[in-house]
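So that the names make sense, note that chain A is the first sequence line, chain B the second, and so on, each numbered from 1. Below, all heavy atoms of this structure are taken into account, side chains as well, without hydrogens, waters or symmetry copies. All of these numbers come straight from a predicted model, not from anything done at the bench.
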Amino acid sequence: MSDTTWKRTKYAAEIDEDDYNTEMTLCGWIQSTKNLGKMAFIHIRDRSGLAQVTALSKTMGPELFKEITSIPRESAISVRGVIKQSPQARAGWEMIPYYVKVMGEAKTPLPLGVVDKVDADMDTRLDNRFLDLRKPEKQAIFKIRSTILSATRDVLLEEDFLETHTPKIVAAATEGGTALFKMEYFDRPAYLNQSPQLFKQTMMATGLDRVFEIGPAFRAEEHDTVRHLNEYTSIDVEMAWSDDEDTMEILEKVIQRAYTDVINNNFMCLEALKRTLTVPERPFPRITYGEIIERLQEKKLKIRDEGSGKMRTIQWGDDIPTEGARIIAKERPSLYFITEWPVDLKPFYIQPKDGEFRVSKGFDLNYGEKELVSGGQRVHDPKLLKEMFKRKGLNEEDFHFYSKAFDYGMPPHAGWGLGVERLTMIISGVSNVREVVLFPRDKHRLVP
RNA sequence: GCCCCGAUGGUGUAGCGGCCUAUCAUCUCGGCCUGUCGAGCCGAGGACACGGAUUCAAAUUCCGUUCGGGGCGCCA
């Protein structure tokens, strides 16, 4: 029989009075060693929290004492000993060890201190992400992210959606506009997909009716901000026989459940992040694009005219610049929909609301100045789709693989795409999108 | 792509022409300590991104390179 004494009996946080005076094994990383000479306190950290191992030279002998106190911090170890009640210990108990095995010794000095009293730059942290993520407040973000994803799946499956996956390697430009990463597909050029948009819409012509996909999206834009990534995770939803209002309602349910589940399941994480949350009420406030422009005009927001290059007051038809979004965010710091966007500011697949191609059935969901979601009712009439291609200056031929589905019975449909990272940022209360991705990909960072 | 800003021990910083043989904290190593949990005390170790220029003198000024930070546009 193989020796299994090194295997974990319980996580630190699972140990209680019933375990007192029993022999157990703790597994984790040495967070700190406080050596008082004849007595030492070794704090072992595992996923659940901290455990105190109290070593006594007198009872364990000077050799084992020396051995256990000289293991470098952040080494992965397994300690076996007896759990003893202890009023002086924070947890009310401590382990008196008799056996220690170093499973993975840490080199010194550490490239990044886990509990050091000095902060490290984001760059240093990301270069040593495995150490950075040993910090409970960094782990908390990813536990929250996981909850958000499972909450999303729960709601969508309850609402009769089917989870799907579409290709990330594509032959040609998808929506147009965004720059794509080029790659080699055997002997042909190919691209990494910027969004599942065209594929999920194609699914609407199949009879599957309601689909969603959680997957990566790639954008080759050289945007270098705290809210953009070149690889991000998108929750994409598309529903047939539905309009913009139907899909907004599903979105509200998803967001609401994400908040609820995080509050219910990640109490400790929120505490680690010093974050208090309240579940947003449905329906979320709706404000039209036109109302936003009027408000910005009242605030005398000036923008640079694309044609003349001169500064002028913002007007209907202009995109909302970052500065404008901040002005609105002061009045609406939480979640709100922006509806009735101009047709010209939305992609070709967004349904115009009228025959004049002025206002569309596209919407955004914002949290303050942050854009969280973009969605809308889609164009489903093939004739109108052709006209939209023309209006946007797109070549219909390039989209044949997609438009073909519209020629054989495409029902009305609507949907949206939500940035998982942005929702995680909002719920976790962190300000840099890189915080919520294990190994973020931005303009400069490709390793690790 | 454009505009600002920055680079000093493992980590985070101070210094911004000579007083620098470079500050402080953290860290690492050694010593003392039987109740530590931001331990304490004593001792030691470790750095001016790279290349050029100006100057009697450069961590400090200038140019270039590399790397990083922030903002704009665009977006999720």
Whole-Å distance separating the [atom1] atom of [X] from the [atom2] atom of [N]:
X: W341(A); N: rC74(B); atom1: CH2; atom2: C1'; answer: 12 Å
X: Q31(A); N: rC37(B); atom1: CD; atom2: C1'; answer: 10 Å
X: D121(A); N: rG70(B); atom1: CG; atom2: C1'; answer: 13 Å
X: K346(A); N: rC74(B); atom1: NZ; atom2: P; answer: 13 Å
X: I314(A); N: rG73(B); atom1: CD1; atom2: C1'; answer: 14 Å
X: I44(A); N: rC37(B); atom1: CD1; atom2: P; answer: 18 Å
X: E369(A); N: rA76(B); atom1: CD; atom2: P; answer: 16 Å
X: Q197(A); N: rA76(B); atom1: CD; atom2: C1'; answer: 12 Å

For [N] versus [M], give the span between their [atom1] atoms, rounded off to a whole number of Å.
N: rG1(B); M: rU11(B); atom1: C1'; result: 35 Å
N: rU61(B); M: rC24(B); atom1: P; result: 23 Å
N: rA7(B); M: rG15(B); atom1: C1'; result: 15 Å
N: rA58(B); M: rC63(B); atom1: C1'; result: 15 Å
N: rG6(B); M: rU13(B); atom1: C1'; result: 14 Å
N: rA59(B); M: rC20(B); atom1: C1'; result: 9 Å
N: rA44(B); M: rA22(B); atom1: P; result: 14 Å
N: rA47(B); M: rG10(B); atom1: C1'; result: 11 Å

Just checking [X]: base, sugar-phosphate only, or nothing, at a heavy-atom cut-off of under 4.0 Å?
X: V373(A); result: sugar-phosphate
X: S32(A); result: nothing
X: L229(A); result: base

Report yes if a side-chain nitrogen or oxygen of [X] is closer than 4.0 Å to either non-bridging phosphate oxygen (OP1 or OP2) of [N]; otherwise report no.
X: K34(A); N: rA39(B); result: yes
X: T124(A); N: rG12(B); result: yes
X: H444(A); N: rG68(B); result: yes
X: S374(A); N: rA76(B); result: yes
X: R227(A); N: rG73(B); result: no

Provide the Watson-Crick or G-U wobble partner of [N], both distances under 3.5 Å; none if there is no partner.
N: rA57(B); value: none
N: rC72(B); value: rG1(B)
N: rU13(B); value: none
N: rC62(B); value: rG52(B)
N: rC32(B); value: rG40(B)

Which nucleotide, [options], lies nearest any side-chain atom of [X]?
X: V226(A); options: rG38(B), rC75(B), rG71(B); result: rG71(B)
X: N432(A); options: rG1(B), rG70(B), rG73(B); result: rG70(B)
X: R326(A); options: rC75(B), rU13(B), rC72(B); result: rC72(B)

With B for base contact, S for sugar-phosphate-only contact and - for none (protein heavy atoms under 4.0 Å), nucleotides 24-35 of chain B reads -BSSS----BBB

In sequence, state the C-alpha distance, the side-chain angles, and the governing distance for R312(A) and D318(A), and then conclude on salt bridge (charged side-chain N to carboxylate O under 4.0 Å, His left out). CA-CA 11 Å; R312(A) 61 164 171 80; D318(A) 290 328; 2.9 Å; yes

Query raised in the report: Any N or O donor-acceptor pair linking the side chain of R422(A) to the base of rC75(B) at under 3.5 Å?
Result: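 Yes.
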
Indicate whether the side chain of [X] and that of [Y] have a donor and an acceptor atom separated by less than 3.5 Å.
X: R378(A); Y: Q201(A); answer: no
X: Y232(A); Y: R219(A); answer: yes
X: D236(A); Y: S234(A); answer: yes

**Asked** Is there a salt bridge (charged side-chain N to carboxylate O under 4.0 Å, His left out) between K346(A) and D364(A) once you walk through the steps?
**Response** CA-CA 10 Å; K346(A) 285 288 169 189; D364(A) 280 4; 2.8 Å; yes

Review point. Starting at the 5' end of RNA chain B and moving along, which residue's nearest nucleotide shows up first, Y232(A) or D123(A)?
Key: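 Checking each residue's closest nucleotide, the 5'-ward one belongs to D123(A).
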
* Asked: More 5' along RNA chain B: R445(A) or L418(A), using each one's nearest nucleotide?
  ->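 Looking at RNA chain B, the more 5' nearest nucleotide goes with R445(A).
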
Exercise for the section: Would you confirm whether the ring centroid of F348(A) sits within less than 6.0 angstrom of the ring centroid of F399(A)? Expected result: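 F399(A) vs F348(A): aromatic centres under 6.0 Å.
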
Item checked: D116(A)/R73(A) ion pair, N-O < 4.0 Å ->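 The answer is yes: the pair qualifies as a salt bridge.
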
- Looking only at heavy atoms, which two atoms of K443(A) and N230(A) are closest? And how far apart?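 That would be N-ND2, 3.0 Å.
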
Donor-acceptor contact below 3.5 Å, side chain R125(A) vs main chain D127(A):
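Side chain of R125(A) to backbone of D127(A): no pair is present.
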
**OP:** Using a cut-off of 6.0 Å, state whether more than 12 heavy atoms not belonging to W29(A) lie near its atom CH2.
**Re:**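 No.
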
